[in-house]
Visitor: 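Please read through the structure below; I'll follow up with questions.
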Amino acid sequence: MKRFIVWLAVVGMTMTSVAKRVASPNGKITMEVADGRCFVSFQQQLAMELRLPVTAASLKGVKARRVKADYTMLAGKRLHCTNAANEYRLGQLVIRLYNDGIAYRYEYTGLHDSKVPAEQSAYVIPEGKKRWMMQWSDSYEGFFPMTTTAEVKTLGGFGGSRVQKDNNTHWAYPLLMEAADGVFALITEANIERRQSASSLHNQGEVFSVVPDQNDLLLTGDWHTPWRVVIIGTLGDIVESTLVTDLSEPSKDGDASWVKPGVVSWVYWANNHGSNDYHIIKKYVDMAAALHLPYVLIDAEWDEMDRLASNEGKTIEDAVAYALRQGVKPMIWYNSSVGWVNGAPGPKYRLNKPEDREKEFAWCEKIGVAGVKVDFFSGDNQMNMDYCIDLMESAARHHLLINFHGATIPRGWQRTYPNLLSTEGVYGAEWYNNVPTFTNRAARHNATLPYTRNVVGPMDYTPCAFSDSQHPHITSHAHELALTVLYESGLQHLADCPESFLAQPRDVQDFLSQLPAAWDETRYVSGYPGESAVVARRSGDTWYVAGINGSDDCQTLNVPLVFVRGKLTATLFGDSGRQDAPWDIRTTTSLPTTVSCLPRGGFVWVIKK
């Protein structure tokens with residue numbers, strides 16, 4: 001606490017001595033500078049200290065250039081996105097103060113066979129401040145536990161092959177910090193382009209430096225870094241922000257009308273090796289048809305289908321044809337063959353060379369495959385980033401949707417390449433298959449993700465499991481159903497097996513049949529990281545409101561829906577507390593303002609005018 005008080009005192013003295021002050025268009029975000037120390041405030045409350053190569057003197061006489069974002073997405077938190085910023089150019093450093101945060105990047109000209117310039121930026125996170133941060137791994141699969149110190153032991157729960165288990169100074173994006181009561185800052189980055197690597201954070205004490213991953217290119221001509229981003233404001237500002245896509249390049253696909261978000265039937269939860277079995281795939285296709293889901297994912301090992309005697313010679317082409325006959329669009333899985341290769345499932349080595357990739361995706365398009373899931377990348381280096389861009393561009397040429405797994409988190413590609421509808425980069429429900437760790441920690445983890453990982457882009461958590469996988473879950477039925485709305489993903493993969501989904505009440509089945517995977521609007525309602533989360537999303541004239549309890553105790557959640565007006569009819573899905581009949585489903589014409597949730601419970605409301 002002493003350190004924190006001293007830090008505030010030093011900041012106060014420094015800021016009073018600074019003459020130059022810059023601000024966002026709406027005036028909520030301001031920045032004052034003193035010799036490389038940039039103090040960013042939200043409504044006059046200090047939100048973040050940045051270390052940048054800029055001085056107060058260098059800001060004198062610099063005029064702001066207004067930057068506006070106004071664009072349409074095919075999926076995400078909202079379809080129509082707008083934002084505005086004041087941009088300041090200070091030599092090689094470009095700083096933008098947006099209405100909901102700050103972004104900066106370095107721009108270089110006239111390079112000739114030059115190495116990537118060294119990064120010169122860092123964030124100061126004082127000891128004692130609450131933060132939710134995940135230790136870096138190449139798959140971004142870990143927990144975001146709340147802590148008040150950078151001096152923590154390994155946080156556990158990693159699925160990646162590269163993770164520092166002995167050196168706890170390497171942190172992944174996004175990192176959420178509570179700077180003051182009710183004021184939050186979320187650190188991430190945006191707009192990865194060719195010839196760039198992604199970055200992460202390495203700390204020495206309270207200073208968290210931005211460190212790009214490996215990039216061995218020699219650069220000629222003009223080059224810039226990705227945008228380093230801090231989303232700043234209330235929890236509502238954080239949850240609702242589209243700053244990551246606001247900063248990203250517009251779509252390069254002139255006609256993306258073929259891109260259709262949707263809900264997906266998914267085999268891996270209950271049948272880890274089921275995708276090599278034609279008869280199991282048929283069950284998931286039939287479930288998708290029965291629930292009117294647009295997609296089915298045929299996961300790893302489909303290339304071995306013809307090797308199983310029980311399949312009687314059936315191949316992936318037969319499975320694809322069967323799905324199409326049932327009115328279900330199939331997606332299929334590939335190993336990227338740059339990460340986990342030895343001992344990993346296939347198909348392998350079909351996408352690495354440009355000519356092989358084009359041949360494979362042309363075959364997919366020809367037989368009626370709607371999209372591909374590409375898995376097992378090897379981190380944030382420049383090679384992986386360029387490879388991902390190659391995959392998205394090639395897939396788009398063949399009208400294939402794409403979903404990255406075992407990969408880096410979204411950094412705005414979903415705007416530039418609209419066929420990218422989802423990305424894993426999350427410690428999701430599939431981990432009930434792998435380790436017992438998830439069972440007791442899932443509820444709190446689930447109630448943290450809306451404020452951390454899902455802020456920055458679509459998240460293929462694979463939600464909604466009423467039955468158990470290899471390790472049991474102890475979240476309630478309504479908690480699980482709520483995740484399908486609480487988590488945004490342009491491809492929403494449903495985890496459970498056909499027998500479980502088709503045994504649910506008709507109202508639950510109808511809910512899944514009508515569930516959108518793209519939203520016109522998203523509103524934060526209430527909650528706090530790790531404790532609870534209530535979020536409302538609108539599709540047309542229908543509001544979906546989802547809330548979960550992240551704690552092991554009963555909890556009353558506030559649901560002030562001041563933005564829902566007029567006459568309405570709502571279907572409420574809740575927990576009964578009974579093991580033999582777990583659902584409490586009812587209709588109403590008036591909405592309560594609070595909901596009592598069971599331990600690890602939840603609720604969903606579907607509100608129609």
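Please read all numbers here as calculations on a predicted model, not as lab measurements. When a residue number appears, it is its place in the shown sequence, counting from 1.
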Visitor: Among Val374, Asn384, Asp375, which one satisfies side chain to side chain contact (heavy atoms under 4.5 Å, CB included) with Ser336?
Guide: Val374
Visitor: Could you check whether the rings of Trp171 and Phe208 sit parallel, tilted or perpendicular, using 30° and 60° as the cut-offs?
Guide: tilted
Visitor: Could you tell me whether the side chain of Glu488 reaches within less than 4.5 Å of the side chain of Tyr461, counting heavy atoms only?
Guide: no
Visitor: When you compare the side chains of Trp413 and Asn191, does any donor N or O come within less than 3.5 Å of an acceptor on the partner?
Guide: no
Visitor: Could you check whether any side-chain N or O of Asp510 sits under 3.5 Å from a backbone N or O of Asp507, counting only pairs where one atom can act as donor and the other as acceptor?
Guide: no
Visitor: How long is the span from the CG atom in Asp100 to the CG atom in Asn83, to the nearest 0.5 Å?
Guide: 4.5 Å
Visitor: Would you call the rings of Trp543 and Phe563 parallel, tilted or perpendicular, taking 30° and 60° as the class edges?
Guide: tilted
Visitor: Taking it one step at a time, do Asp181 and Lys130 satisfy salt bridge (Lys or Arg N to Asp or Glu O under 4.0 Å)?
Guide: CA-CA 10 Å; Asp181 287 345; Lys130 290 182 181 178; over 6 Å; no
Visitor: I'd like to know if the side chain of His445 reaches the main chain of Tyr427, judged simply by a donor and an acceptor atom lying under 3.5 Å from each other, with no hydrogens or angles considered.
Guide: yes
Visitor: If you round to the nearest 0.5 Å, how far is CG of Leu420 from CD1 of Ile389?
Guide: 11.0 Å
Visitor: Mark yes or no for whether Asn454, through its side chain, and Gly457, through its backbone, hold a donor-acceptor pair below 3.5 Å.
Guide: yes
Visitor: Is there a donor-acceptor contact under 3.5 Å from the side chain of Gln492 to the main chain of Val485?
Guide: no
Visitor: For a quick test of reading the model, state the closest non-hydrogen atom pair linking Gly527 to Leu235 and the distance between them.
Guide: O-CD1, 3.6 Å
Visitor: Quick check, are the ring centers of Trp227 and Tyr173 under 6.0 angstrom apart?
Guide: no
Visitor: How long is the straight-line distance from CG of Leu293 back to OG of Ser265, given to the nearest 0.5 Å?
Guide: 6.5 Å
Visitor: Looking at Lys373 and Asp299, is there a salt bridge between them, counting it only when a charged N and a carboxylate O are closer than 4.0 Å?
Guide: yes
Visitor: Atom CH2 in Trp266, atom CG in Leu297: separation rounded to 0.5 Å?
Guide: 8.0 Å
Visitor: Are any of the side-chain nitrogens in Arg89 or Glu107 under 4.0 Å away from the carboxylate oxygens of its partner?
Guide: yes
Visitor: Kindly compute the distance separating CG (Leu486) from CD1 (Ile548), expressed to the nearest 0.5 Å.
Guide: 5.0 Å
Visitor: Determine, for Lys68 against Asp246, whether the closest basic-nitrogen to carboxylate-oxygen distance falls under 4.0 angstrom.
Guide: no
Visitor: Considering non-hydrogen atoms only, spot the tightest contact between Asn99 and Ile29 and give its length.
Guide: O-CG1, 4.0 Å
Visitor: Does any part of the side chain of Ile607, heavy atoms only, come nearer than 4.5 Å to the side chain of Leu591, both counted from C-beta?
Guide: yes
Visitor: So does Tyr140 get a backbone contact from the side chain of Glu424, meaning a donor-acceptor N/O pair under 3.5 Å?
Guide: no
Visitor: Got a donor-acceptor contact below 3.5 angstrom from the Arg357 side chain to the Leu351 backbone?
Guide: yes
Visitor: Got a salt bridge between Arg228 and Glu119, using NZ or NE/NH1/NH2 to carboxylate O under 4.0 Å?
Guide: yes
Visitor: Does Asp390 offer a backbone N or O that forms a donor-acceptor pair with the side chain of Ser394 under 3.5 Å?
Guide: no
Visitor: Side-chain contact, heavy-atom cut-off 4.5 Å: Phe143 with Trp132?
Guide: no
Visitor: Is a donor on one side and an acceptor on the other found under 3.5 Å between the side chain of Asn419 and the backbone of Leu400?
Guide: yes
Visitor: Test Glu393 against Tyr417 for side-chain hydrogen bond (donor to acceptor under 3.5 Å, both in side chains), laying out the working first.
Guide: CA-CA 8 Å; Glu393 291 182 350; Tyr417 305 98; 3.3 Å; yes
Visitor: Looking at Arg96 and Glu87, is any side-chain nitrogen of the basic one under 4.0 Å from a carboxylate oxygen of the acidic one?
Guide: yes
Visitor: Are Met31 and Ile95 close enough that some pair of their side-chain heavy atoms sits under 4.5 Å apart?
Guide: yes
Visitor: Taking the six-membered ring of Tyr71 (Phe, Tyr or Trp), confirm whether the NZ or CZ of Arg415 is under 6.0 Å from its centre and within 45° of its axis.
Guide: yes
Visitor: Between Arg397 and Glu358, is there a side-chain N and carboxylate O pair less than 4.0 Å apart?
Guide: yes
Visitor: Assess whether a salt bridge exists between Glu189 and Arg105, defined as any Lys/Arg side-chain N lying under 4.0 Å from an Asp/Glu carboxylate O.
Guide: no
Visitor: Tyr106 vs Tyr104 aromatic rings, parallel, tilted or perpendicular, using cut-offs 30° and 60°?
Guide: perpendicular
Visitor: Is the Phe573 to Phe603 ring centre distance short of 6.0 Å?
Guide: no
Visitor: Hey, does Thr188 have a side-chain heavy atom less than 4.5 Å from the side chain of Ile409?
Guide: yes
Visitor: Testing Leu93, Thr225, Val210, Leu50 one by one against Ser121 for a side chain to side chain contact (heavy atoms under 4.5 Å, CB included), which residue passes?
Guide: Val210
Visitor: Is there a donor-acceptor contact under 3.5 Å from the side chain of Arg78 to the main chain of Arg538?
Guide: no
Visitor: Mind checking whether Tyr451 and Tyr524 have parallel, tilted or perpendicular rings, split at 30° and 60°?
Guide: perpendicular
Visitor: So, does Gln196 use its side chain to make a donor-acceptor pair with the main chain of Glu193 at under 3.5 Å?
Guide: yes
